[in-house]
Amino acid sequence: MATTLQQWLGEQIVPVFLIGFAILMGFAMVYISARNRRSSLARDRSGRTEDTFAEYLAAYGFDPYIARTTYRYLQQTQNVAFPIEPQDDLDRVLGLDEEEVKTTVRDLLDETGREYLPGLLDSPLVTVVDVVRYIQASPRRLAVVRRRSA
């Protein structure tokens, strides 16, 4: 009985090795493709900076402070390694999942002194400009002034 089990395992080693090798090569191809895509985006967008991002959005009535803060947050906190454009898709281009987008919005609201209003959003945030628009549309936090009682 032990010899037949050893024989069977011996016969299965080659197919298992080939399947494992194919899976490993698939992961390597995805990794290399992602690296090439990031470097291509960086090369194609050379010369685009936080300043050009903010200036572009300011021409359409967006607050330059919010635009700069959003750009800087995505570069530094979300580790986007290439210049960001307003039309960039948060998921497909920047690689942010739904939870990372929620974290980004909450952090940016805190950083810009704005309130989170869950009912304000009527459509999903898909692009970077959607995030900037949402932050700008959120009301500023009011400072609570305490009265002294006499």
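Sequential numbering from 1 along the given sequence is applied to the chain's residues. Atom set for the values below is all heavy atoms of this structure, side chains included, hydrogens, waters and symmetry mates excluded. Not measured: the values here are computed from a predicted model.
Through direct or relayed side-chain contacts under 4.5 Å between Ile, Leu, Val, Met, Phe, Trp and Tyr, Phe21 connects to Met25. Through side-chain heavy atoms spaced under 4.5 Å, either directly or across other Ile, Leu, Val, Met, Phe, Trp or Tyr residues, Tyr31 is tied to Ile32.
Judged by distance alone, the side chain of Gln136 and the main-chain N or O of Asp63 form a donor-acceptor pair under 3.5 Å. Of the possible polar contacts, none joining the Arg140 side chain to the Gly113 backbone as a donor-acceptor pair under 3.5 Å is found.
Listed by chain and number, the residues in a side-chain contact (heavy atoms from CB on, under 4.5 Å) with Arg45 are Leu41, Arg48, Phe82, Pro83, Glu85, Asp88, Val93 (sequence neighbours excluded). Listed by chain and residue number, Tyr56 satisfy the ring-ring contact (aromatic ring centres under 6.0 Å, His included) test with Tyr60 (two or more places apart in sequence, or in another chain). Not counting sequence neighbours, the partners of Asp97 by the side-chain contact (heavy atoms from CB on, under 4.5 Å) test are Glu99, Glu100. The side-chain contact (heavy atoms from CB on, under 4.5 Å) search around Pro139 returns Glu115, Leu117, not counting sequence neighbours. Partners of Asp130 under the side chain to side chain donor-acceptor pair (under 3.5 Å) rule, at least two apart in sequence or in another chain, are Thr127, Arg133. With sequence neighbours excluded, the residues satisfying side chain to side chain donor-acceptor pair (under 3.5 Å) with Asp89 are Arg92. Every residue two or more places apart in sequence or in another chain that forms a side chain to side chain donor-acceptor pair (under 3.5 Å) with Thr104 is listed here: Gln78. Glu98 is linked by a salt bridge (Lys or Arg N to Asp or Glu O under 4.0 Å) to Lys102, counting only residues two or more places apart in sequence or in another chain. Annotation: side-chain contact (heavy atoms from CB on, under 4.5 Å) contacts of Ile13 (sequence neighbours excluded): none.
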Contacts table for residues 64-71: side-chain donor-acceptor under 3.5 angstrom, sequence neighbours left out:
residue: Arg68; atom: NH1; partner: Asp51; partner atom: OD1; Å: 2.5
residue: Arg68; atom: NH2; partner: Asp51; partner atom: OD1; Å: 3.2
residue: Thr69; atom: OG1; partner: Tyr65; partner atom: O; Å: 2.7
residue: Thr70; atom: OG1; partner: Ile66; partner atom: O; Å: 2.8

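Contact annotation: the side chain of Tyr134 never approaches that of Leu108 to less than 4.5 Å [non-hydrogen atoms, C-beta and beyond].
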